[in-house]
Each structure stands twice: as C-alpha cells, then as structure tokens.
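Throughout, a chain's letter reflects where its sequence line sits, starting with A, and its residues are numbered from 1.
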There are 2 protein chains.
Amino acid sequence: MQLTETRLTESHRPTLDQALEAIRTRAYWSPHPEHPKAYGESAPADGLAAFEALRGTRFDLKQPGTDGWAGGEVSPYGIELGVEYPHPDPDVLLPAMRAGMPAWREAGPELRALVCLEILARISARTHEFAHAVMHTSGQAFMMAFQAGGPHAQDRGLEAVAYAYAEQTRTPEAAAWSKPQGKRDPLALRKTFTAAGRGVALVIGCNTFPTWNGYPGLFASLATGNPVLVKPHPRAVLPLALTVRAAREVLAEAGFDPNLIALAAERPGEGLAKTLAVRPEIRIIDYTGSTAFGDWLEANARQAQVYTEKAGVNTVVIDSTDDYKGMLSNLAFSLSLYSGQMCTTPQNLLIPREGIATDTGRKSYDEVVGDLAASVGGLLGDDARANALLGALVNPEVKSRLEGAAELGEVALPSRKIVNPDFPDAVVRTPVIVKLDGGKPDAEPAYLSECFGPVSFAVAVDSTADALALLRRTIRDQGVMTVGAYTTSGETERAIEEVCLEESAQLSLNLTGGVYVNQTAAFSDFHGSGGNPAANAALCDSAFVSSRFRVVEVRRQA
Amino acid sequence: MQLTETRLTESHRPTLDQALEAIRTRAYWSPHPEHPKAYGESAPADGLAAFEALRGTRFDLKQPGTDGWAGGEVSPYGIELGVEYPHPDPDVLLPAMRAGMPAWREAGPELRALVCLEILARISARTHEFAHAVMHTSGQAFMMAFQAGGPHAQDRGLEAVAYAYAEQTRTPEAAAWSKPQGKRDPLALRKTFTAAGRGVALVIGCNTFPTWNGYPGLFASLATGNPVLVKPHPRAVLPLALTVRAAREVLAEAGFDPNLIALAAERPGEGLAKTLAVRPEIRIIDYTGSTAFGDWLEANARQAQVYTEKAGVNTVVIDSTDDYKGMLSNLAFSLSLYSGQMCTTPQNLLIPREGIATDTGRKSYDEVVGDLAASVGGLLGDDARANALLGALVNPEVKSRLEGAAELGEVALPSRKIVNPDFPDAVVRTPVIVKLDGGKPDAEPAYLSECFGPVSFAVAVDSTADALALLRRTIRDQGVMTVGAYTTSGETERAIEEVCLEESAQLSLNLTGGVYVNQTAAFSDFHGSGGNPAANAALCDSAFVSSRFRVVEVRRQA
C-alpha cells in the first residue's frame, strides 16, 4: 500500500501536534510506551527471533556505491553478531544521495515531518528487536536497552522532528509585500520562502547509545530536507543499520528516493569518519564521542555545521540534605546504572571536609562516603539485580580505567566482579568510589579529567564555597553534561544556580526519589546546554535545528 | 525620569508585537519613517548642529578601562572629524562588562527587548544627526545615509530584537512535570528554564554601513542577555559611538549597568579586532568585511560563535525580458547607487553571446551592453543627480580598483569624474562597465573574484544554460549576497530558482520598477542566505539569534 500524504496526515499529524504542544509546555508526554508488555503478547519472542535471524547475515541495503562489506561486531555479552554491512564508495554514494534532495525539499516541512514520524512508528513497532540490537552492541542490560534504546530514543527523534517542523514553518511559504509611496502606486512584490536543506548530513554514531544519541541529529537533518549518511561506531552498527533500513523503506513507499538515507560501515582502523567529514558534499555533522575527535571535527570540517557531544566531568555538590537516606539511594542508583557508562553519570562528588548537615544529624566526610558506598553495595548486593542494573562494560578501555582507578586514591568502595549466568563472557563490574583530597594539587589530574565508566571520586573540599569554585572551574574548563546538588540552604541553592546560569550547565537539585541526575525526558528536559566544553549543542532546541536548513527567498514584481 | 518597566511596556510593547507579527507574515512594516521631514521641522538643522558640535571633541563614554584615546576619521567628503574615542584596556574593560550580566539576565527576555526598543527610539529621534555621521564616515550621499543609516538600520536592529524575544520565549520560564507510574505515585518535578547569555559579544563594524550592518548583531546579542563590545572600523567610528552612548544612557536609566555596552576604538595599525576576538571573555562575534579576516575569525576565534558577512560575487542572469527599458533602468540604478559600494550590488551580468529576446525585438549582446551603458549614462548625466546617487568613494582602495578595471577588458562604459560642489575634495566617480568573454579562461580571475566598488562585468556566455552553470559555480565557490535574473520563460525561471535553492542564494526575478536587487526590507526580506561562502548568517532568522544564549534548566523534586 502506497504511503499517501492523506494517510500519513491521518496517522501522524495528531502526534506531531502533541509533540509541538509538549515542547512548548515542557509537560510530561510520550507516544512511545516504556513497558515491554505494551507491544503485544508475541512481541518479546518475535523481537528476539528477528534479532537472532539477523546474526551471521549480510545486511544488504541495496545502496548505490557499495564497494564491499564490513562488520565484525562482538557483543559486550560475548556473542559474535557476524553481520556484514555495506561499505561505501563516497564518490558514488554521495552524489546518489544528493539526487533525491529536490523532491524532498519540494515535499515541504509538513510532509517531511510526517514521513519521519512514519519511520519512527515502524521503528517503534520493532522496539523488542531494537532492544536486543542495542543490548548486544552497547552492553546495556535488556531493560535499559529496551527503554533508552527504544522509546526514549524515539522520543528524542520525534522531538527533533517537532523542532525542525516548528522552525521551518516560522516563515510563511509566500507573502505579498506592498510598500506605500505617498501619492504614487505602492511598490509591490510577491515573495516565496522555501526551507532548503544544506546538503548531505553525516551522523557519526557512538558505542554506548547508538540510537539515543544518533536519532536527534538524524531526524533533525532529514526533517529539514537533508540526505543523511549514518556512519555508526564499528562496535554498534546493528541498531543504526535497522534504523536506516526502516527509513529507506518508508521513503520509497512515500515516493521519495530511498538514498536520502544510507549506511556507511567502516573497515577496522580505516578512519572512515575522518575521510567522510571533510568531503565537500557533507554540510552537517552530528557526533558523539571523544573530545579529541570532536575537536578535530570542529577544527577541520569547516565546510559543515558541526554538532558535537564530547567528554565532560559531571559534578554533584553535597552541601546538606533533609533526606539523607533518599540522597544516598538516589546517588547510588545514578552511579550504578549501566556501570556509569552514561555521558550524564556523576563523576565528582564534592563533599565538605568538615561534613554536612542532614536530617539524621551531622555526617562527616568519611561517614558520607562510607554511607554512599554502603548504599551502592546494598543496591548491587543481589547479583541478579546487579546484572539488571549494571549491564556489561562496553569495551576493554573502560575495564582498564576501572582497574586503574584504585591507584588514584583511597578506595572507599572496591569494584566487585559479577557473573552473568546467561552470558558468562560478559565483563560485569560494580562501580568503584575513590577518595581524593581537593586541596592537594596532585589529585587534580584525576578529578579534572573525564574517567568514563564506573568510577567516581569523592572529593573532599574545604567548604561549600570551595565546592562552588571547583564546580565553576570544572564546567568552564572541562565541561559537564549534568550538575547535581543537595542543599537545604536557600542561599546555597541560589549560589549553585548562579554558577550554572553563568557557566551554562543543567542542574538537578535535591533529587531523592525516582528521578536521577543522569536521566532526561525528551520534550521537557534539555540534554546538555551547548554552552560549555562538554557539548556545543543541546538536545533539543531551536539552535539544534535552525542552521540545518536555509530559507531561500524568491521575489518577483507584483 | 526613571525608565520603569511599566513605562517601557506602555511605550514599546505594541511595537514589539507589531514586529513579531511582521516577521511572521513578512508583509511590509516599519515604525521608522523614511522621509527626513517626518522628524519635525527643526530636526534637519538640529541634526546638523549636533553633528557639527561633535567635531573636534573627545567622545568620553566614562567607560572603565580606558587607557587612552584614538580617532582620526577623515570623511570621504574631505572634512576631518577630529573626534577622539576611548581606547580600551581589555583586562579592565571586559570584566567590568561581565559584571552587569546577572541583573541583565534576571530582567528576562521581555524587559531586555523593551530596553533595546527604547535605545532604538532614542537613536531614531536623532536620525538626522546619525545621517551626517554615516554620510561622513561611509561616503554615502545624504539621503542614502539618512535612510540606510537611519530607519533601515533601526528596522534591522528591531527585527533582531523581535527574533531574539521570540526565540527566548519559546520555552516557558517554568513547568510542572508529572510522569505516571501505574499504581504508584507519579514522578513529579518542578522545572525552571532561563535564557542565559553566553558572555561578551564583539561587534566588528564595517566602513560602508556602520549602523545597518552593525545593528543586527549588536541588538541580537544585547537582547539575548550578552554585554556588547563594539569595535568600529577605524574610518567609521562616530555612528557606532553615538549608538553606544545612547545605549549606555538607556541602560543606566532603566537601572542596569551601562557597561553592558562599550566602545573599543583602535589605534592605527593596531589590529585590535584580532586581539579582542580571541579573548576568552568574548563568546560571540559579528563581523562584516573582507573574506580573509572573516575566515581568520572563523578559524581562530574558536571560543566564540562567529557570524560573518564576507565578499561575494553578485550575479544577474539576463535571459529575456518583456520590459527591456524597465530592466535597463532598474539595473542602471542598482549599479549606480552608492557607487556600487554595497555588498548587494550586482557585479557580473551574464548575457548570452547571441543576444536576448525583448519586448522591443531581439537585442544582441553588444546592444544589451551598449543600451545598459546608455541607461547608466542617462541616469547620471546630471551632476547634481549623480552626486545624490553616487555619494563618494569610501576609500583609496576602491578608487584603485576602479582605475584598474579598464585594464581587464573592453570598456563599455568608462567611469566619469564628478565634482561635488559642496565637498570639492570628495572622490566621486560614475561606474565602469567592462566586457568580458565568459568562454575565455583568462577572463575568469576578473569575474570570479569580488571587485568591490563601481565596477561591473558584462560577461558574454554561450547560452542561458551556460549562464546557469556559471551562476552555480559562482555561488558555490565565491558566494553571493544577491542573485538577479530576467526571463520571460517559465522553464528558465524554474531552472534559475532551482540553482538558487540548491546553492542557497536569494533571488530577485524580473525587477523593472522601483525595487532593486541590492535593497532588502527588514521584517520581510532576508539579507544573505547564510548558506554560501558570502556569509554564514542571514539577517535575520532564528539561526542568527538562537545560539547567542543557552537555556539553563533547573529541576527540583516536587
């Protein structure tokens, strides 16, 4: 059945309108259910079977300019995926991708948005299959892979589509202009305004959140009229390959060129992202990953708009609390979730040397750190629960960093090895907490750089004022994706807010319940600020979409 | 009288609302009258007297960190201005500018917009004085200095304020968020969202349009919460010094720190823009000028958002017309206005070698060029009218280029010296038109680079298809601010549009009346596209304002 504009409008225009309303009110909203059971009785088995059927196959997308095959993903849970993906000849693929641009531009912002929503709906229908693909590339535990890799990622994609639509429709398609000239006839012009994409957009995927971090840029670029070339992380290709396949199917069914989206898998050590990033056809780049390569892209891919999310040193200021137990369990969960392998996981916990006031009396620095260690220990005491929370270490570098962390200071909570009975080859570790003295300059290199993985530092500071000075320096020099803070003092609260406002950091205050500093909700929370070194863009705001297209005006005498 | 929020709202909220409506509909609108008589009977004499009173004085803005005085402007009309302006010590001035940021941020988007509108109203009231200041720094004739330097510049400033306001208010100041949890209590958060400026914004002014090109960035940055340091072109300081003084007065009267805006005059050969541009406090830069320095800024001022307008090679495609006389007179005016010293003036006229179809019969290439030359000659035949249209050459470099143009090819219309009886030292020249053969590679260096000033090239091309190929190459490689075209063929019209849509250029079709390709109207027309090498930003769209601030979110458990 052909995907007509009428059918797309009936299916998706109400969802688009709800998304537009949600980004305006920032109230809770999502059209993508979080619970696996919401997808139908047979969905779990079907999803697993679909994933299993992919293993050991060639993932042929029938793309032009495929000059070979690349693959070799090994799950952090130990299994080999054995899937082969198309490797591109850019000289053939990139011009082929541009060919579909005029028709895609002429479709206009609304139809483009509706096509994007149909793509997301197809992906949503296969959330169980995606969950396995995300789990076995990122090392996330199944439930997290399901939620963060499924509905939450789809939400972020939809949010980008809504922003793109809103931004492109702020200028009318046409306008009559008439300027009075006193007694003479007015000057009159007919004007048209067309949102035109910039050119091919390159999405450079990451290992840990291939869909969640990939979808905002992918859908923002596609919805603003640009073809999208997806270059996944070589260890996390499958979720994005499934995405590209769904998108190509929908584009073709809606009468557009499927080559408006394509996959570019790379051979080991090839550095394909670097080659593609400086091609003149590439006019937009979205990247999540290391600071070194993000900086390289910003400095070298000068022909493109470059959106980067890089390393950061997330910080929690602990000044005082009226819910000590709630604070500890909230922090323990934040440190444990996906083994601290989130770009939003707290790394540095700044705690006054003389201790803090709590609802259960004054607690010394050592007590706070000890109680937090006990809280993490309790949370992860049961191996089944630990496996469900921690997932697996995504790569050997994380394991090395974890092992090296014990050398950096006094270990308050040692890491513990956990066996995953379903996947005995998975590397599962509980987080380590290391005590550092913020007053000692030789401790600075440890806590003033990102130590990605299940490592956090309990940094002893002279005072809350000292903590705020360190927080400011950290945001300004290292960047942060998240800041957390606990305080019962209104004055301290205002001082922390002021630092975050001045240095541009997103702040979570006194979280003691079921919301965690490392989780953000699409349509309501911003992910990153785009104003400190951790990221030059926020997910999602109009700055994230407004430079992906240009408004071309044609004026004619009336 | 104190400028209270109530008073500012009463005075300016209706204007802001009208501006917001105008950028949405793109219909004609302006609150700033174009006619000098609209400013009151005594305004012309008062304005001239105010300008004369400034000559030979020290323009003291009482800025902190003033370590000396710089000046030395000589009018293109020959008179010495003799005004001295503050030279900054950035180590003192920049921190002083940052000090006012928190209160300016707390004022919020609406009050900031209203304060900006009050600044514009003060400037508008002194439009006659500004006209003389613009005339005697840019070399524009009085009427153009009045209109382009006055109401049109004020319009562009107001337009930027409207975009800034709209963009900052898309996210609510606060939101309640409640996520259902089945039978358990919902997760609930209280969230606040604050538009926070990035830091000090640097405006690097140009010689030809100090206010028109300076106001969009200046007001966009100020309205989004950033202090603004204005570094004028050393030959065009006065109009921006007057602007800064008006802004400082209004800021102080409204209870804000006047140091939220400051002037930085430079000493001869000092290269102050380069020094300031890479200071860590500078987070935003707006620049109009040479491609070389624009590229340097983009490559080196990596700590800042950099908005540039650089050189371009504006092109007119002449395929056919049903109003030959109207086309010739329209083009003649475009080439003559301000001696072709507009970034929007057409440079290359692409004319098929075998001639064009017109309402008065087929015209050969030579006839078209000859008739255009005659039209320019007729337009500028009367010296008084010529002076009123041409103004004066802004600097000796323009004169050299004009004199060198005759060497580049066959001169179809020689430049003529004109005496300005009021200012005998003014260098006034009519434009030159040079014939070039688009088929000869040795002609390419001439027409494929910007020749800023009263020089245009009648480029003979093999066909209209050939013209479109050259147009595409020009936009892509050199950049354009404007494209014009004349055709009676629907098919050709669509082909030209397609090139402009694909390469991102603003197109004016078949202009034969009183609207010219080199003029754009604020609130309706975009100036530049931001999508080709001539400029990385368009005046004005949301991309121009949305990265000047970041939205900082604070979330608290509800």
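- Atom CZ of residue B/F549 and atom OG of residue A/S529 lie 12.0 Å apart, to the nearest 0.5 angstrom.
- A salt bridge links B/R550 with A/D541: the closest approach of a Lys/Arg side-chain nitrogen to an acidic carboxylate oxygen falls below 4.0 angstrom.
- Options B/R198, B/Q305, B/E497 differ in how many heavy-atom pairs under 4.5 Å they form with chain A, and the most are formed by B/E497.
- Minimum heavy-atom separation, B/V515 to A/R555: CG1-NH1, 4.1 Å.
- For the atom pair CD (B/E553) and NE2 (A/H527), the distance works out to 12.0 Å, reported to the nearest 0.5 Å.
- Note on B/A188, B/A174, B/S178, B/A196: by heavy-atom pairs under 4.5 Å with chain A, the leading option is B/S178.
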Next item on the list: In sequence, state the C-alpha distance, the side-chain angles, and the governing distance for A/R302 and B/D295, and then conclude on salt bridge (Lys or Arg N to Asp or Glu O under 4.0 Å).
Entry: CA-CA 10 Å; A/R302 303 288 305 287; B/D295 288 348; over 6 Å; no
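- Using a 4.5 Å cut-off between heavy atoms, A/A485 makes no contact with chain B at all.
- B/A27 touches chain A through backbone and side chain together, each having a heavy atom under 4.5 Å away.
- For CD of A/E498, the number of neighbouring non-hydrogen atoms (other residues, nucleotides, ligands) closer than 6.0 Å is greater than 12.
- For A/E106, the part sitting under 4.5 Å from any heavy atom of chain B is the side chain, from C-beta outward, and nothing else.
- Top candidate by heavy-atom pairs under 4.5 Å with chain A, chosen from B/M101, B/H35, B/E34, B/Q303, is B/E34.
- The number of heavy-atom neighbours closer than 6.0 Å to CD of A/Q181, taken from other residues, nucleotides and ligands shown, is above 12.
- Looking at A/E502, the atoms closer than 4.5 Å to chain B (heavy atoms on both sides) sit in the backbone and in the side chain alike.
- Remark: B/S547 OG to A/N536 CG distance equals 8.5 Å, nearest 0.5 Å.
- For the set A/I496, A/L507, A/V483, the count of heavy-atom pairs under 4.5 angstrom toward chain B peaks at A/L507.
- Residue with the most contacts toward chain B among A/R283, A/Q557, A/R184: A/Q557 (heavy-atom pairs, distance under 4.5 Å).
- Note on B/A175, B/G514, B/G530: by heavy-atom pairs under 4.5 Å with chain A, the leading option is B/G530.
- A/I23 touches chain B through its backbone: at least one of N, CA, C or O sits under 4.5 Å from a heavy atom, while the side chain does not.
- In this structure, the portions of A/A538 lying under 4.5 Å from any heavy atom of chain B include both its backbone and its side chain.
- Both the backbone and the side chain of A/T512 come within contact range of chain B, each with at least one heavy atom under 4.5 Å from a heavy atom of that chain.
- Atom NZ in B/K179 sits 11.0 Å away from atom OG in A/S524 (nearest 0.5 Å).
- Going from atom CG of A/L509 over to atom OG1 of B/T192 covers 8.5 Å, rounded to the nearest 0.5 Å.
- Between chain B and the residues A/R24, A/E167, A/R98, the largest count of heavy-atom pairs under 4.5 Å involves A/E167.
- For chain A, the option among B/L187, B/L501, B/L511, B/N510 with the highest count of heavy-atom pairs below 4.5 Å is B/L501.
- The shortest distance between side-chain heavy atoms of B/Q506 and A/V552 falls below 4.5 Å.
- Between the NZ atom in B/K191 and the CZ atom in A/F526 there is a gap of 10.0 Å [rounded to 0.5 Å].
- With no hydrogens or angles considered, no side-chain donor-acceptor pair links B/S546 and A/S542 at under 3.5 Å.
- Interface remark: B/F193 contributes side-chain atoms only to the contact with chain A (heavy atom separation under 4.5 Å).
- If you measure heavy-atom distances from A/R556 to chain B, the contacts under 4.5 Å come from both the backbone and the side chain.
- Interface residue A/T25: only backbone heavy atoms are found under 4.5 Å from chain B.
- Most heavy-atom pairs under 4.5 Å with chain A, from the set B/R548, B/E298, B/R476: that is B/E298.
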